[in-house]
Structures are given as C-alpha cells and as structure tokens.
Novice: 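Before I ask anything, here is the structure I am working with.
Order of appearance sets the numbers: ligands from 1, and atoms from 1 within every ligand. Computation of the quantities below employed the complete heavy-atom set of this structure, encompassing side-chain atoms and omitting hydrogens, waters and symmetry-equivalent molecules.
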Amino acid sequence: MEKRSSFGSRFGVVAAVGGSVVGLGNIWRFPYIAGENGGGAFILVYFIISLAIAVPILLSEFTIGRRARSNARRAFTKIRKYGKWGWVGYLGIATAFVIMSFYSVIAGWSLEFLFSALFEGFTNITSAEMGDKFSLFVGGAVRPLIWTITFILLAVFIISAGVEKGIERYNKIFMPLLLVLMIMLAVNSLTLPGAKEGLSFLLKPDFSKIHPSTLLQALGQSFFSLSLGLGAMITYGSYIKADENMFKVGGMVAISDISIAILSGIVIFPAVFSYGISPTSGPDLVFITMPVIFGQMTGGYFIAILFFFLLFLAAITSIVSLFEVVTAYLTEEKNLSRKRAARYVAVALTITGSMCVLSQGDGTGFRIAERSLFDWCDTISATVMMPVGGLLIVFFAGWVMKKEVFRNELTSEGRYGKRIFPLLYTLIRFVIPIVIAILFLDQIGLLKLVK
Ligand code: PHE
C-alpha cells in the first residue's frame with residue numbers, strides 16, 4: 001500500500017480546511033439567510049451556535065479522521081469493528097454527491113456571470129431585465145451545462161494532482177487571494193452612501209427578531225458553512241499530522257468562516273441599502289440584485305469582475321473537499337488510482353449535475369412533487385442528510401468511541417486543549433445530539449416549534 005498523504009504545514013491545513021468551509025455558503029447563502037432573518041440578531045445567534053455546536057462537531061470529525069487515517073467510509077469500522085457503522089460512511093458519500101450535484105450548478109453560474117461581467121458588463125441594467133436575463137440563462141440548458149461541466153473538470157484537475165500537490169497547494173494560493181479580494185470589496189462597499197444603514201442592519205441586533213425559526217436557520221447554516229455531517233472533515237482530518245494542534249486549526253477555521261460570512265454581508269448590505277433594495281430578496285440576492293447594483297456603481301465594471309471571480313474561487317475550493325470524500329473512498333477501498341477515481345466521480349457528477357441543470361427550465365424541467373431536482377438536492381442535503389449525518393457522527397464520537405481514545409487523539413496525547421476537553425465532551429455527548437435531534441424532528445414536521 002502507498003504511504004498515506006498528509007498536509008505539509010499548519011498554513012496548509014488551515015488553507016485546505018478553510019477552503020472547504022468558505023464557499024457559496026458564506027457568500028451566496030449567508031447574506032440572504034441573514035437578510036431574511038433580521039440581520040444583526042441572526043448573526044449573533046449564528047455566532048453562538050457556530051462556537052457551541054458546530055465547532056465541537058468539526059473537532060469530532062477531525063478526531064475520527066485522524067484516528068482512523070482513512071477515508072470517511074472506512075474510518076467508522078476501523079475505530080469500531082462493527083459493520084453497521086459503515087453505513088454512516090456511505091450516507092456521507094451519498095450526501096457529498098447530492099451536494100456536489102447542485103453546488104456545481106451554482107458554481108457554473110458564477111463562471112457565466114464572471115464572463116458576462118468581463119465581456120458585457122451590467123451597466124444600467126434594471127432588476128426586471130436582470131431577472132429576465134437570469135431566467136433565460138438558467139432555463140436555456142446549454143450554457144449552464146457547459147459551465148457546470150467546465151467547473152467539474154477544474155475540480156478534477158486539482159484533485160488528480162493529490163493531497164499535497166493539488167488540494168493543499170491550490171488552497172494555499174486561492175484562499176489568501178480570496179481574502180484580499182473580499183477585503184477590497186468590503187472597503188469599497190463601506191464608501192457607498194448607504195454604508196451606515198447597511199452596517200447597522202448587519203451589526204445591530206434587534207432582539208425582537210429572534211424567533212425559534214432564527215435558531216433553526218442558524219443551525220442549518222452553520223452545518224452547511226462548516227462542511228459538517230458528511231465526512232468531508234473526517235477525510236481532511238485524516239490528512240492532519242499527529243502532532244498538529246487540532247483545537248487551533250478548528251478555531252482558526254471557524255473564525256475565518258464567520259469573518260468571511262460577515263465580510264460578505266459588509267460587501268452586500270451597504271450596496272443593497274445604497275440602491276434602495278430590500279435586504280430580503282432571497283437566493284437571488286447575489287445573482288440578480290448584485291449585478292444591478294454593480295451596473296450603477298462607479299467602477300462597477302471591475303468590482304463585478306472581482307466579485308464573481310471571488311465567488312468562483314470560494315466554490316472551487318469547497319467542491320474539491322466534497323470530491324475528495326468520494327475520491328478517497330474509491331482509491332482506498334476500490335484500489336483505483338487517484339486520477340482514475342477522480343475521473344469516475346466526474347463522470348457520475350456530470351450526469352447528476354446535468355440532471356439538476358435540466359430540471360430547472362420553466363415548464364420544460366422535470367419535477368418531482370412540483371419541485372426541480374435542483375431544489376430537492378439543496379433541500380434534502382441541508383435538512384435531512386447533513387443533520388442525520390451530523391447526529392450520527394457526534395453520537396459515534398461521544399458514545400461509541402472510547403473516551404480515552406477520543407481524548408488522546410483530539411488532544412494529541414494530552415498535549416493540547418486538556419483544560420477545555422471536559423466541557424467539549426459534555427457538549428458532544430449531551431447537548432449537541434439533543435439540539436440536533438430537536439431541529440431534525442422539527443424539520444421533518446414531527447415536532448412543530450415553528451408555525
Ligand atoms: N462549506 C461549504 C460552503 O460554505 C459547503 C460544503 C458543505 C462543502 C459540505 C463541503 C461539505 O459553501
């Protein structure tokens with residue numbers, strides 16, 4: 001057997017894991033979810049939930065991965081020799097696939113918009129025109145298909161180059177670039193006339209806006225944003241070196257994730273308020289509202305290019321981690337070479353991704369119970385597959401793994417984080433499973449917290 005790869009340096013680990021967590025979830029999903037849920041109040045809840053729930057799950061995934069030093073499917077049965085746990089691994093692989101299927105479609109849009117920004121610009125386009133343009137593009141299958149496939153091929157290119165020479169290397173270039181772009185865009189936004197209003201919407205919590213639904217939305221968002229519940233972090237964890245301080249890595253990554261989400265808010269909301277647009281325009285915020293705004297902004301031509309390039313960077317580094325879940329499984333369990341495994345994943349993903357694209361045309365797309373396959377993938381992964389996966393993973397960490405084994409691995413044999421371990425372990429064993437279970441029961445409608 002080949003020697004198993006690992007990430008080379010602390011910066012490499014943080015860049016790779018950061019690349020996975022920072023994605024469309026931060027730039028496309030977070031602003032519109034925060035916008036719909038009252039801005040500042042939502043962000044506060046999100047912050048608390050990320051630290052108290054999401055980070056402990058992230059650390060559990062790292063620990064399982066590093067302990068087993070294997071792909072997410074094998075990890076469970078390697079630690080606990082009971083065949084049934086392998087199903088959690090399979091569930092994770094399936095979830096990765098479902099997410100990739102719609103994620104590659106939205107990522108494809110970012111490429112289309114990047115090219116639109118470059119060659120046509122959005123000068124003086126109105127909301128209605130932009131809306132039409134967008135529906136025409138999404139409904140007309142060929143262009144979205146080409147972009148989705150282009151995006152998948154780029155991911156294959158990175159994955160095929162390996163853990164250190166592919167994933168780590170590109171993340172080390174793309175992540176700092178992303179951060180620089182983000183800061184440039186945020187600074188630009190702060191100079192807009194509506195900046196003050198935008199900022200106070202974003203940062204001043206209005207507690208009357210906190211409902212049970214805010215909590216549930218925040219929990220779902222933090223799962224998606226920190227790439228949890230499907231073994232992506234188990235897989236990346238398996239490449240973390242034994243003496244690395246996982247608390248530090250987890251902390252740095254969580255802070256980056258939250259900061260980038262808030263920075264996206266700073267990029268988007270001042271602009272939204274300057275141009276008198278409602279902050280609650282939903283998933284279209286990035287693809288319809290923002291181009292309209294760029295079309296009116298001084299220097300908007302360049303800002304638009306930077307923005308969509310940023311979106312593309314964020315998406316590619318995330319999909320690579322989803323790809324790796326399946327690729328690692330195929331190379332280690334089915335004895336395929338990395339290149340061949342990546343190609344197989346790409347072929348399968350091209351099929352499911354294309355189905356998602358084609359399911360979107362108005363009237364022409366195929367629907368299951370009134371919804372497109374694209375919507376189904378988005379909804380099922382976030383509301384069912386990730387919470388169930390997360391619940392099982394955290395249960396495995398807290399109740400199935402022996403406490404000493406878990407503690408020794410997480411703390412690198414007692415070297416780091418010994419003092420916060422007891423608190424963390426209590427969260428993992430009791431608090432988190434209960435909270436996720438409640439969320440899940442609510443989402444599938446068995447328990448009605450929110451009307
Ligand atoms: N965290 C990524 C984002 O915010 C999405 C993702 C989910 C990536 C699950 C990997 C695994 O866009």
Novice: What protein heavy atom lies closest to atom 1 (N) of ligand 1? Include the residue and the distance to one decimal.
Specialist: F224 O, 2.8 Å
Novice: Would you mind listing which atoms of ligand 1 come within a distance below 4.0 Å of any non-hydrogen atom of S225?
Specialist: 1 (N), 4 (O)
Novice: Hydrogens and angles aside, do S20 and S227 bring a side-chain donor and acceptor to less than 3.5 Å of each other?
Specialist: yes
Novice: Would you say I99 and ligand 1 have an N/O pair spaced under 3.5 Å apart?
Specialist: no
Novice: Does any N or O of ligand 1 fall below 3.5 Å from an N or O anywhere on S321, backbone included?
Specialist: no
Novice: Within a distance under 4.0 Å of any heavy atom of L230, pick out the atoms of ligand 1 and give their elements.
Specialist: 9 (C), 11 (C)
Novice: Nearest protein heavy-atom contact for atom 4 (O) of ligand 1: which residue, which atom, what distance?
Specialist: V21 O, 3.0 Å
Novice: Quick one: are the ring centres of Y46 and F30 less than 6.0 Å apart?
Specialist: yes
Novice: Considering non-hydrogen atoms of the protein only, which is the closest contact for atom 6 (C) of ligand 1, and what is the distance?
Specialist: S227 OG, 3.7 Å
Novice: Parallel, tilted or perpendicular, judged at 30° and 60°: which one describes the rings of F308 and F294?
Specialist: perpendicular
Novice: Which residue is it: E333, K78, E324? I am looking for the one with a side chain to side chain donor-acceptor pair (under 3.5 Å) to N71.
Specialist: E333
Novice: With sequence neighbours left out, which residue pairs that include part of residues 152-179 fulfil the salt bridge (charged side-chain N to carboxylate O under 4.0 Å, His left out) condition?
Specialist: E168-K172
Novice: Heavy atoms only: give me the nearest T235-A328 pair and the separation to one decimal.
Specialist: CG2-CB, 4.0 Å
Novice: In the protein, which heavy atom is nearest to atom 12 (O) of ligand 1, and how far is it?
Specialist: Y103 OH, 2.5 Å
Novice: Of the backbone atoms (N, CA, C, O) and the side-chain heavy atoms from C-beta on, which set of L322 has a member under 4.0 Å from an atom of ligand 1: side chain, backbone, both, or neither?
Specialist: side chain
Novice: State, with a plain yes or no, whether a side-chain heavy atom of V21 is found less than 4.5 Å away from one of N26.
Specialist: no
Novice: Tell me which protein heavy atom sits closest to atom 2 (C) of ligand 1, plus the residue, atom name and distance to 0.1 Å.
Specialist: S20 O, 3.4 Å
